[in-house]
Protein chains: 2
Amino acid sequence: MKIATYNVNGINARLPVLLRWLKEFKPDIVCLQELKAPPEKIPEDAISEVGYNAIWHGQKRWNGVAILAKNLEIEEIQRALPGDPEDEQSRYIEALVHGLHICGLYLPNGNPAPGPKFDYKMLWIKRFKKRAKELIKENKPCILMGDFNIIPAEKDVYKPERWVDDALFRPEVRKEFEELQKQGWIDAIRFLHPEETIYTFWDYFRNAFSRNAGLRIDHFLLSPGLEKQVKRAGVDLEVRGWEKTSDHAPVWMELEKK
Amino acid sequence: MKIATYNVNGINARLPVLLRWLKEFKPDIVCLQELKAPPEKIPEDAISEVGYNAIWHGQKRWNGVAILAKNLEIEEIQRALPGDPEDEQSRYIEALVHGLHICGLYLPNGNPAPGPKFDYKMLWIKRFKKRAKELIKENKPCILMGDFNIIPAEKDVYKPERWVDDALFRPEVRKEFEELQKQGWIDAIRFLHPEETIYTFWDYFRNAFSRNAGLRIDHFLLSPGLEKQVKRAGVDLEVRGWEKTSDHAPVWMELEKK
DNA sequence: GTAGATAACG
DNA sequence: CGTTATCTAC
């Protein structure tokens, strides 16, 4: 069972790349972020034609998350992060797929920090931690996955010193990521590759990808015990090199049967 | 000697189509309109690579005219229509090419009429007639060519009754086109094809091209005597059917040696 | 419908 | 840099 997360940066602009990736890399369960399309403009038919079911939470211009599954039913649980009925941003979706509890998230970027956007990010994280704690208590296999917009540690960014004041790397944000792990969640990529330099995002500008000036901000957080079923994980770097590609690469992990 | 006029509707958006047309149809002298690009963004190198010299009069967003010539020198005469130093719109360019006096023009659309835009159109036409009269007096071979935004007669529009109040077809505008002809200028297309239905423009919307819901608004006006050298003229309809094409088709005429 | 400019967001 | 939306013009 191959599970992947991919910030597409515009599902319609990315459609050829997305479809090619689905066809060539065949992930079983996928969380997408930054659809940047209203619900009615999600290319459902094209996704269906390559064999995927899908549920999504889109909004007019920005954000937007989806869960795709290949020949598997997707049972939606909720499509909003609890804790703030006023929150209009479509950044969260939760479903049961193949007995797995999947939470797809697109955590706020938060820049510039400090400021209202950073405040929103911190509040969003607090709401998310609350939901994460509930899920831990359920004691069922669960994955929190998506674009966290959090660089967990110095080794997850090409030049840490340049990022100290950035909302993706500020100490209070990293601390929240640590606290999630203290709840019991396991950072799958780091669990399998404790020391390796692994990036999932490279800015479009200044040839960031060819210079490998990247960040690791797309993550899988596994509920306790699930790590025993994860033997392989990685980043589809090749996709980041395709024409008209996203600034993120797809990130994947393989889940073995118990 | 093949001479052509083509409203490209954005020279950069149209570059593949323009280059393909130049390579396949090999016009010797070309007037372009609606470059929609500032002078520094005219793709000079690409045009040069397919064998054309060029001069242009571009402006930031709209309008913009150019003269291209294949292996021929272009001697610029002026790049503004005389008569209003305040006029900022780049709609006129004049040059000597191969002994021919070429005036490339993009006459204002003028809609909605009545209104300031229509007033500007009428004033522009008056200035243009003045220059045209001067050119007639010079008694040298000269062609006024480009997008006139004038439908000369009922047979030049698919549904005349729908266009009576349009700035392209209003009686006072048609009258000005007639007056140009009274100065001595000869409408080359109509001279060769007195009765044929010939269109040069089809709206993008409502499948105007496939319904042949077109207009004839791109013209060649020949100085007296030049008509004897023109034996063939037409519209490159095929180009209007290409991918990412302009709403105008290229219009051409062939000039024989005396 | 299409193009270009601009603004917002990342 | 690059995506989407809005605006303007045609």
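Chain identifiers are assigned alphabetically (A, B, ...) following the order of the sequence lines, protein sequences preceding nucleic acid strands; residue numbering begins at 1 within each chain. Model, not experiment: these values are computed from the prediction.
Atom-to-atom, CG of B:L215 to P of D:dC10 comes out at 15 Å; the value is rounded to the nearest Å. The distance from atom CD1 of A:I11 to atom P of D:dA5 is 13 Å, rounded to the nearest whole Å. When rounded to the nearest whole Å, the span between CD of A:E243 and P of D:dC1 equals 16 Å. For the pair B:L18 CG and C:dA3 P, the interatomic distance rounds to 14 Å; values are reported in whole Å. The distance between atom CG of A:N12 and atom P of D:dG2, rounded to the nearest whole Å, is 18 Å. When the P atom of C:dG4 is taken as reference, atom CD of B:E40 falls 14 Å away, rounded to whole Å. Rounding to whole angstrom units, CH2 of residue B:W202 and C1' of C:dT2 are separated by 17 Å. Rounded to an integer number of Å, the gap from B:D166 CG to D:dC10 P is 12 Å.
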| note | Letter by letter from the 5' end, nucleotides 5-10 of chain C scores (B base, S sugar-phosphate only, - none; protein heavy atoms under 4.0 Å) BSBBSS
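For the pair B:R79 and B:Y92, the NZ or CZ position fails the cation-pi test of under 6.0 Å to the six-membered ring centre and within 45 degrees of the ring normal.
Between atom CD of residue A:E172 and atom CZ of residue A:R174 there is a gap of 9.5 Å, rounded to the nearest 0.5 Å.
In this structure, A:W252 has its ring center at least 6.0 angstrom away from the ring center of A:F25.
Backbone-only contact: B:R14 has heavy atoms under 4.0 Å from sugar-phosphate atoms and none from a base.
Here the shortest heavy-atom pairing between A:W202 and A:A208 reads CD1-O, 3.7 Å.
Distance alone, capped at 3.5 Å, is enough to place a donor-acceptor pair between the A:R127 side chain and the A:L81 backbone.
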May I have the list of side-chain donor-acceptor pairs in residues 143-160 of chain A shorter than 3.5 Å, sequence neighbours left out?
unit_1: A:D147; atom_1: OD1; unit_2: A:N149; atom_2: N; d: 2.9
unit_1: A:D147; atom_1: OD2; unit_2: A:N7; atom_2: ND2; d: 2.9
unit_1: A:N149; atom_1: ND2; unit_2: A:L107; atom_2: O; d: 2.7
unit_1: A:D156; atom_1: OD1; unit_2: A:R190; atom_2: NH2; d: 2.8
unit_1: A:D156; atom_1: OD1; unit_2: A:R216; atom_2: NE; d: 2.7
unit_1: A:D156; atom_1: OD2; unit_2: A:A153; atom_2: N; d: 3.1
unit_1: A:D156; atom_1: OD2; unit_2: A:R216; atom_2: NH2; d: 3.4

